[in-house]
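Below: the structure, in structure tokens.
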Amino acid sequence: MSTTTVRLATPPQIIYNQTMLDIKYIRENPDAVQTAAKNKGYAVNIAELLESDKTRRDLQGETDALREKRNAISAQMKGGKPSPELIEQGKLIKDELSHIENRLREADENFAKIMMGIPNVMADDVPIGGEELSVEIRTWGERKSGAIDHVDFCEKRDWLDFERGAKVAGAKFYYLKNELALLENAIYQFALGKLIAKNFTFMTVPHMVNQRTAEGAGFAPKSDKESNEYFIDGENMMLVGTAEAPLTGYHADEILDEDDLPLFYAGYSPCYRREAGTYGKHTRGLFRVHQFNKLEMYAFCLPEQSADIHEKILAIEEEIWQELEIPYHVINIASGDLGAPAAKKYDIEYWSPVDAKYRELTSCSNCTDYQARNLNIRVRRKNGAIETVHTLNGTAVALARSLVAIIENYQLPDGRLRVPIALQSFMNEMEIL
RNA sequence: GGAGAGGUGACCGAGUGGUUGAAGGUACUGGUCUUGAAAACCAGCGUGCAGCAAUGUACCGAGGGUUCGAAUCCCUCCCUCUCCGCCA
């Protein structure tokens with residue numbers, strides 16, 4: 001495609017059966033949903049939602065009754081020549097119906113709008129509060145102290161070039177060069193091999209997704225100024241911030257077989273993030289950039305499986321960092337830092353000898369039925385019942401950050417870098433770079 | 001990008017504006033038959049919303065329109081396929 005065609009923006013499609021949380025659940029547990037939203041820091045009004053729901057349902061009932069009448073009248077006209085009286089009746093109903101259908105449409109749109117803003121409820125063991133209340137649940141490895149910043153370390157070796165990245169693209173774009181680029185590939189190969197051995201289905205994925213997929217997976221809509229996503233002008237698409245987005249959409253509108261679940265996918269993609277407003281924070285170098293590569297784990301499963309699978313995904317992440325011998329701790333993320341889709345989230349933070357603190361390395365979330373409901377992903381049970389599936393995602397390796405963790409923990413005093421034993425077979429058996 | 005042909009249920013595939021939620025076939029499920037299996041035969045078999053249920057209603061790519069009534073007619077958009085062009 002040589003030119004970008006400019007199309008009229010597609011009017012937002014309100015899909016009424018695709019609500020963020022199950023409205024039935026909200027009707028029965030309004031307080032729980034209201035409290036959960038508050039603890040996550042979302043300003044939503046459940047009372048207003050329920051009122052809107054009532055209006056919508058009442059209008060739906062009136063509409064259905066009118067349609068029934070209309071259908072009955074036209075059924076009488078089948079075959080013979082319609083009588084003028086019947087046609088007159090039909091016309092009356094038509095007018096009445098179009099009036100009430102307009103009101104119904106408005107009510108549906110209003111309802112959908114409110115529903116969009118309702119975040120998923122949390123698991124019971126999620127700490128309530130802001131980021132600082134996240135709970136450390138495990139530590140591993142020996143924390144080192146004192147190391148050279150990875151940017152300084154890498155630039156001396158001609159491994160990393162932010163200056164030219166800025167010249168060619170902009171701030172926070174970079175080139176990886178020489179051994180560092182090879183090391184990135186080695187980490188990727190190492191992690192990919194592990195996931196394949198664990199029977200994940202490996203996929204490369206679209207690097208752009210449409211608005212429905214993006215919003216369904218829980219990524220901010222275009223209208224959100226705070227959005228971390230890059231949108232393609234005139235295309236109604238965004239560059240993915242993670243393979244989670246295209247992986248979530250993979251089974252959209254499908255009814256899966258119970259026997260096929262759980263499904264485990266590994267998706268590899270570049271990740272594009274605007275990171276607007278983060279320039280002031282301590283994010284020097286590769287730790288927070290506009291583009292990086294990531295291997296992501298993703299699972300579709302039965303509701304009763306998701307809690308265990310969440311632990312399983314976390315265990316795989318830990319296995320990766322243990323084999324790479326990077327000290328870390330695992331934290332259970334507090335409600336205020338969970339985001340809308342997640343019911344529970346674990347982060348792994350590695351120990352940074354440069355900063356003398358833990359810094360985020362990976363993250364895995366149980367989104368329960370939130371994403372699946374948005375994107376209409378269901379399962380047919382053996383008994384024939386149809387239910388919304390649960391989805392989970394977790395970082396296998398986020399490459400840029402992984403490099404930071406390794407450089408900080410494996411550097412030698414003479415300016416060289418040891419290669420983690422687990423990676424040596426992917427680095428031509430080199431032990432020191 | 002140009003020209004043409006299409007988008008119907010898990011899949012294939014009928015469908016004249018009203019008798020089509022949708023023929024027929026395949027797959028699947030249950031049953032009969034059989035030592036067992038296959039075959040044959042009988043029956044069942046979409047999703048959402050409302051309802052205890054009966055049932056009502058909506059959905060034939062999406063959105064609008066015409067009509068008393070639309071899977072069927074009109075418009076716009078999306079997607080797929082074939083040929084041409086271009087290209088890793």
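Proteins come first, then strands; the chains are lettered A, B, ... in the order of their sequence lines, and each starts at number 1.
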Measure the distance from [atom1] on [X] to [atom2] on [N] and round it to the nearest whole Å.
X: A:Glu258; N: B:A10; atom1: CD; atom2: P; result: 18 Å
X: A:Glu387; N: B:U47; atom1: CD; atom2: P; result: 14 Å
X: A:Arg57; N: B:C49; atom1: CZ; atom2: P; result: 11 Å
X: A:Lys24; N: B:G48; atom1: NZ; atom2: P; result: 9 Å
X: A:Leu256; N: B:A10; atom1: CG; atom2: P; result: 13 Å
X: A:Arg381; N: B:U29; atom1: CZ; atom2: C1'; result: 19 Å
X: A:Arg212; N: B:C78; atom1: CZ; atom2: P; result: 18 Å
X: A:Asp257; N: B:C11; atom1: CG; atom2: C1'; result: 14 Å

Considering only the [atom1] atoms, how many Å lie between [N] and [M], rounded to the nearest integer?
N: B:C41; M: B:G24; atom1: P; answer: 14 Å
N: B:G9; M: B:A14; atom1: P; answer: 13 Å
N: B:A23; M: B:A10; atom1: P; answer: 14 Å
N: B:C79; M: B:G31; atom1: P; answer: 47 Å
N: B:G18; M: B:A70; atom1: P; answer: 11 Å
N: B:G15; M: B:U72; atom1: C1'; answer: 8 Å
N: B:G7; M: B:C74; atom1: P; answer: 14 Å
N: B:G30; M: B:A38; atom1: P; answer: 12 Å

Any side-chain donor-acceptor pair under 3.5 Å between [X] and [Y]?
X: A:Tyr350; Y: A:Glu408; value: yes
X: A:Ser269; Y: A:Asn293; value: no
X: A:Thr395; Y: A:Lys294; value: no
X: A:Asn102; Y: A:Glu106; value: no

Tell which nucleotide pairs with [N], taking only Watson-Crick or G-U wobble pairs whose two distances are both under 3.5 angstrom.
N: B:A14; answer: none
N: B:G6; answer: B:C79
N: B:C73; answer: B:G65
N: B:A40; answer: B:U32
N: B:C86; answer: none
N: B:G46; answer: B:C59

Quick one, give me the B/S/- string for nucleotides 55-60 of chain B, reading 5' to 3', where B means a protein heavy atom under 4.0 Å from the base and S means that only happens at the primed atoms, P, OP1 or OP2. -BSS--
Judged by each residue's nearest nucleotide on RNA chain B, which is more toward the 5′ side, A:Gly90 or A:Arg380?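 It is A:Arg380 whose nearest nucleotide is closer to the 5' end.
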A:Arg378 side chain, from C-beta outward: closest of B:U47, B:C68, B:A50: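 Nearest to the side-chain atoms of A:Arg378, counting from C-beta on, is B:U47.
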Qualifying ring-ring contact (aromatic ring centres under 6.0 Å, His included) pairs, either residue in residues 236-269 of chain A, two or more places apart: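 Matches after skipping sequence neighbours: A:Tyr188-A:Tyr268, A:Phe200-A:Phe264, A:Tyr250-A:Tyr265, A:His251-A:Tyr265, A:His251-A:Phe300, A:Tyr265-A:Phe300.
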Within the structure provided, determine whether A:Leu286 and A:Arg401 are in side-chain contact (heavy-atom separation under 4.5 Å).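 Heavy-atom side-chain distance check fails, nothing below 4.5 Å.
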For A:Asn178, what residues pass the side-chain hydrogen bond (donor to acceptor under 3.5 Å, both in side chains) criterion, not counting sequence neighbours?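 Per chain and number, A:Asn178 pairs via side-chain hydrogen bond (donor to acceptor under 3.5 Å, both in side chains) with no residue.
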Would the distance check show the side chain of A:Asn374 and the main-chain N or O of A:Gly216 forming a donor-acceptor pair, the cut-off being under 3.5 Å?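 Yes; at least one donor-acceptor contact below 3.5 Å.
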